[in-house]
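The structure under discussion appears below in the form of C-alpha cells.
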Amino acid sequence: MAGNDLQGRKVLAVVTNYGVEQDELVVPVDHLRGNGADVDVAAVSREPVQTLVGDKEPGRSVPPTTTLDDADPADYDLLLVPGGALNADHLRMDHRAVETARGFAASGRPVAAICHGPWALVEADVVRGKTLTSYPSLRTDIANAGGRWVDRPVVADGTGGWTLVTSRTPDDLDDFLREVEAALVTSP
C-alpha cells in the first residue's frame, strides 16, 4: 500500500510508559500514518514513552497522543498491542488495556499484537479458539488460555467473528504490517 490507502481509518496503540520494544511501536505507527491512518498512542500517563531495543538498551522516546484513561476505544478501527517484555507484562495487569482488548474482540474489530503483546489478549480471555504466534516464551500461556500457538512470521485468524493478527519479533514486521493493513481495510 502506498499513499493514503488507509485514509479515514483509526488505530489505537496501547502501551505503558516504559519498556515497549522500539521497533514494534515506532515502525507500525510510522508506517500506518504514512499510509493515511490516524494513529493514537495511548499510554498509561502523558509522560513520554521510553522505548527499549532488545528489552534492555534505551531506544527512542515517543510522546503519547492520549492516555488509556482518555482514549475511547469505540472511536477506533483496530487495536495495536506492541511487545517488549516489560511493556507487555505491565499491560496485562492494567485493567484498561485488558478491557480495551476484550471490547475490540467482542465488537468484531481487529486486534494486532506482536512479540509479547499477546499477553494482554491472554489476560482478556480472547485467544480461546484462535491460532496465533508470538515470542516463543508465550507458547504455554497461549495454550493454557485455549489458543493454538504456531511458529510463523505472521498469523491472521478471522475465526470467531473478529481478526487477530500476530507476529513473533521485530524481524517479522514486514509480514505483520501487510496483514495489519489487510485487517484494517476490511474492518467493520
Is there a side-chain contact between [X] and [Y] in this structure, where contact means two heavy atoms from C-beta onward sitting under 4.5 Å apart?
X: Ile114; Y: Leu173; value: yes
X: Leu52; Y: Leu86; value: yes
X: Asp55; Y: Glu21; value: yes
X: Val180; Y: Pro28; value: no
X: Asp5; Y: Val185; value: no

message: Using a 6.0 Å distance limit plus a 45 degree cone around the ring axis, check whether Lys130 lies over the aromatic ring of Trp149.
response: no
Testing the basics here: between [X] and [Y], what is the closest heavy-atom pair and its distance to 0.1 Å?
X: Asn17; Y: Ser45; answer: OD1-N, 2.9 Å
X: Gly129; Y: Thr159; answer: O-OG1, 3.7 Å
X: Gly147; Y: Leu132; answer: CA-CD2, 4.4 Å
X: Ala113; Y: Leu121; answer: CB-CD1, 3.9 Å
X: Asp151; Y: Thr133; answer: CA-OG1, 4.2 Å

Would you say the side chains of [X] and [Y] form a donor-acceptor pair under 3.5 Å?
X: Asp141; Y: Trp119; answer: yes
X: Glu24; Y: His116; answer: no
X: Ser134; Y: Arg168; answer: no
X: Asp69; Y: Thr67; answer: no

N-O pairing of Asp38 and Arg9 below 4.0 Å:
no
>> I'd like to know if Glu99 and Arg96 make a salt bridge, using a cut-off of under 4.0 Å between side-chain N and carboxylate O.
In response: no
Applying salt bridge (charged side-chain N to carboxylate O under 4.0 Å, His left out) to Arg139 and not counting sequence neighbours gives none
If two hydrophobic side chains count as joined below 4.5 Å and joins carry through other members, does [X] share a cluster with [Y]?
X: Leu12; Y: Leu68; value: yes
X: Val29; Y: Val49; value: yes
X: Val14; Y: Val127; value: yes
X: Val111; Y: Leu78; value: no
X: Val154; Y: Leu80; value: yes

Pair Leu6-Glu181, side chain to side chain contact (heavy atoms under 4.5 Å, CB included): steps then yes or no
CA-CA 8 Å; Leu6 300 177; Glu181 285 178 2; 4.2 Å; yes
Practice item. Apply side chain to side chain contact (heavy atoms under 4.5 Å, CB included) to Trp162 and Val126, showing your working. Key: CA-CA 10 Å; Trp162 63 284; Val126 298; 3.9 Å; yes
Interatomic spacing from [atom1] in [X] to [atom2] in [Y] - rounded to 0.5 Å:
X: His90; Y: Thr16; atom1: NE2; atom2: OG1; result: 7.0 Å
X: Asp23; Y: Cys115; atom1: CG; atom2: SG; result: 11.0 Å
X: Leu91; Y: Asn87; atom1: CG; atom2: CG; result: 4.5 Å
X: Thr100; Y: Tyr76; atom1: OG1; atom2: OH; result: 10.0 Å

The side chain to side chain contact (heavy atoms under 4.5 Å, CB included) partner of Val20 among Val15, Val26, Val81 is Val15
Taking the side chain from [X] and the backbone from [Y], do they hold a donor-acceptor pair closer than 3.5 Å?
X: Arg109; Y: Pro73; answer: yes
X: Asn35; Y: His31; answer: yes
X: Asp157; Y: Thr163; answer: no
X: Arg33; Y: Val39; answer: yes
X: Asp172; Y: Ser167; answer: no

Starting from the C-alpha separation in whole Å, work towards a yes-or-no answer on side chain to side chain contact (heavy atoms under 4.5 Å, CB included) for Asp94 and Val98. CA-CA 6 Å; Asp94 189 298; Val98 171; 5.9 Å; no
Q) How about Tyr135: does its OH atom have over 12 heavy atoms from other parts shown lying under 6.0 Å from it? A) no
Taken in chain and number order and not counting sequence neighbours, the residues that satisfy side chain to side chain donor-acceptor pair (under 3.5 Å) with Thr169 are none
Would you be so kind as to tabulate the donor-acceptor pairs closer than 3.5 Å made by side chains of residues 58-66, with sequence neighbours excluded?
residue	atom	partner	partner atom	Å
Thr65	OG1	Asp40	OD1	2.9
Thr65	OG1	Val41	N	2.8
Thr65	OG1	Val41	O	3.4

